[in-house]
Amino acid sequence: MKFKWTLLSAIFTIAMMLTGCEPLTVLDPKGPQAERQANDIILSAGIMMFIVLVVFGLLAFMLIKYRASKQSKDYEPPHIEGNVIVEAICVGIPVLIVAFLSFVSVQSNYIVEATPKGYEDKEPLVVYASSSNWKWHFSYPEEDIETVNYLYIPTDRPLEFKLYSYGPITSFWIPQLGGQKYAMADMVNTLHLAADVPGEFMGRNANFSGKGFAENTFNVTAMPEDEFDDWVKEVRETAKPLTEEKFNELLEPGHLGQMTFTGTHLEFLPPPEGENGGHNHGSTDSDSHEEHSDSENSEEEHTNHSHH
């Protein structure tokens, strides 16, 4: 009886605590990419809940139907060979479930990696999102402005984020707009998002990157495009220009508040893409050998030139 009341008290306490929790942001989507992912999460959770209920239902049925009987203690039940139908069900159903979820996951992956559905005919807003210990730098090349630790975006327009890092690997994540994606030091990853409605959202680094990781967050504000254009105009008129010296100061480890500049660091410190990319996916031994030979030839020419 004591155990029963303890269990009921624990269940009541957990239920009361959960009623005070805020809704999960990943299940409160504000964009097409996040909505697709939220639907996948709900679908997966529903299937798993159904499986759990069926298993516990069968368990209760077995315990009641085949509970201890009045048979003698030395009773041995007859030997029964395996049942093909039961084995097919036990193996086939899990295979079908995994195959279905795999199909849905792959299909969704292609969808969220492309331009958001319904925005294919619109010009995307390109934002270079770079991280450093422990802050986020957002460069708007078309608008020629840059912000630190906050992001303004227009609604009803596709967003194309170019992600990279000036430090350890981080993960760019705005839960209500879409899934996370890594930002690395030697290459640029592209993330497609969109905001359907105005609002304020939370963004953060979702990959542990040192002692300042917990506060490596940024604020996101979505607004109608005309308000976004007014904000860009105001920044151009009031913000100070971003110099190379100032940007190097911003890259120093530490936490900062929100900052705004005219110009971007892309002019004097380009992102690691194209000629600036250091990530070579197609290198081979022969390529490495040729590069090594070219390097030796360059060194030899430089030496001969020095002697002359």
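These numbers come from a predicted model, not from an experiment.
Residues Leu269 and Tyr166 meet the side-chain proximity criterion, which asks for heavy atoms closer than 4.5 Å. Side-chain contact between Ser130 and His265 is present, with heavy atoms from C-beta onward closer than 4.5 Å. Put simply, the side chain of Asp40 does not reach to within 4.5 Å of the side chain of Ser105, judged on heavy atoms. Between Gln37 and Ser108, every side-chain heavy-atom pair lies at or beyond the 4.5 Å cut-off. You'll find the side chain of Glu267 reaches within 4.5 Å of the side chain of Asp144, heavy atoms only. Annotation: side chain of Lys122 is in contact with side chain of Asp156 (closest heavy-atom distance under 4.5 Å).
Residues Ala195 and Ala222 come closest through the heavy atom pair CB-CB, 3.9 Å. When all heavy atoms of Leu193 and Pro116 are compared, the pair lying nearest together is O-CG, 3.5 Å. Heavy-atom minimum distance, Tyr119 versus Arg157: CE2-N, 3.3 Å. Contact between Gln107 and Arg36 at its shortest, heavy atoms only, is OE1-NH2, 3.4 Å. Nearest heavy atom pair, residue Leu250 against residue Met259, reads CD2-SD, 3.8 Å. Annotation for Glu146 and Ser139: closest pair OE1-OG, 2.8 Å, computed over non-hydrogen atoms.
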Practice item. Apply side-chain contact (heavy atoms from CB on, under 4.5 Å) to the pair Val127 and Ile153, showing each step before the final yes or no. Key: CA-CA 9 Å; Val127 180; Ile153 55 174; 5.5 Å; no
Review point. What's the verdict on side-chain contact (heavy atoms from CB on, under 4.5 Å) for Trp134 and His255, showing C-alpha distance, side-chain angles and the deciding distance?
Key: CA-CA 6 Å; Trp134 289 273; His255 292 98; 3.8 Å; yes
**Study point:** Glu142 vs Val232, side-chain contact (heavy atoms from CB on, under 4.5 Å): CA-CA, chis, key distance, verdict
**Key:** CA-CA 10 Å; Glu142 296 178 8; Val232 171; over 6 Å; no
Practice item. Apply side-chain contact (heavy atoms from CB on, under 4.5 Å) to Phe172 and Asn189, showing your working. Key: CA-CA 10 Å; Phe172 180 87; Asn189 282 331; over 6 Å; no
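Both Met223 and Ile174 belong to a single network of hydrophobic side chains, linked directly or stepwise wherever heavy atoms of I, L, V, M, F, W or Y lie under 4.5 Å apart. By the rule that hydrophobic residues join a cluster once side-chain heavy atoms approach within less than 4.5 Å of another member, Ile89 and Phe50 end up as members of separate clusters. Hydrophobic clustering of Ile, Leu, Val, Met, Phe, Trp and Tyr side chains at less than 4.5 Å, counting indirect connections, keeps Val26 apart from Phe201. In the hydrophobic clustering of ILVMFWY residues, with side-chain heavy atoms under 4.5 Å counting as a link, Tyr128 and Val220 come out apart. Note: the hydrophobic cluster containing Phe138 does not contain Leu242 (ILVMFWY, side chain heavy atoms under 4.5 Å, direct or indirect links).
With hydrogens and angles ignored, the 3.5 Å screen pairs no side-chain donor or acceptor of Lys135 with any backbone N or O of Asn149. The closest donor-acceptor contact from the side chain of Arg236 to the backbone of Glu143 lies under 3.5 Å. In this structure, Trp173 contributes its side chain and Tyr182 its backbone to no donor-acceptor pair below 3.5 Å. Distance alone, capped at 3.5 Å, places no donor-acceptor pair between the Gln176 side chain and the Thr25 backbone. Within the 3.5 Å criterion, the main-chain N or O of Ile169 finds a donor-acceptor partner in the side chain of Asn207.
Exactly one residue among Thr147, Val148, Ile145 makes a side-chain contact (heavy atoms from CB on, under 4.5 Å) with Thr260. That residue is Thr147.
Through ILVMFWY side-chain contacts below 4.5 Å, Val98 is grouped with nothing and stands alone.
Within the model, atoms CG of Leu151 and CG of Asn219 stand 9.5 Å from one another, a figure rounded to the nearest 0.5 Å. Taking CD1 from Ile97 and CD1 from Ile51, the interatomic distance works out to 3.5 Å, rounded to the nearest 0.5 Å. For the atom pair Glu249 CD and Glu244 CD, the distance stands at 12.0 Å (nearest 0.5 Å). Note: Tyr140 OH to Leu125 CG = 7.0 Å, rounded to the nearest 0.5 Å. Atoms CG and OG, on Asn39 and Ser44 in that order, are 10.5 Å from each other to the nearest 0.5 Å. Between Ser171 atom OG and Met184 atom CE the span is 10.0 Å, to the nearest 0.5 Å.
Heavy atoms of other residues, nucleotides or ligands lying less than 6.0 angstrom from CG of Leu96 number more than 12. In this structure, Tyr75 places its OH atom where more than 12 heavy-atom neighbours from other residues, nucleotides or ligands lie under 6.0 Å away. At most 12 heavy atoms of other shown residues, nucleotides or ligands fall within 6.0 angstrom of atom CG in Asp121. Within a 6.0 Å radius of CD in Glu120, more than 12 heavy atoms belonging to other residues, nucleotides or ligands are found.
For Phe261 and Phe247, the ring centers are positioned 6.0 Å apart or more. Residues Trp136 and Phe161 place their aromatic rings such that the two centres sit no closer than 6.0 Å. Between Tyr152 and Tyr150, the ring center distance clears the sub-6.0 Å criterion.
For Asn205, the side-chain hydrogen bond (donor to acceptor under 3.5 Å, both in side chains) partners two or more places apart in sequence, or in a different chain, are Ser209, Asn216. Not a single salt bridge (Lys or Arg N to Asp or Glu O under 4.0 Å) links Glu87 to another residue, sequence neighbours left out. In this view, Ser132 and His137 satisfy the side-chain hydrogen bond (donor to acceptor under 3.5 Å, both in side chains) rule, not counting sequence neighbours. Legend: residues meeting salt bridge (Lys or Arg N to Asp or Glu O under 4.0 Å) with Glu160, ordered by chain and number and at least two apart, are Lys162. Scored by the side chain to side chain contact (heavy atoms under 4.5 Å, CB included) test, Leu58 finds Val54 as partners (sequence neighbours excluded).
A salt bridge does not link Glu35 to Lys117: none of the charged side-chain nitrogens sits closer than 4.0 Å to a carboxylate oxygen.
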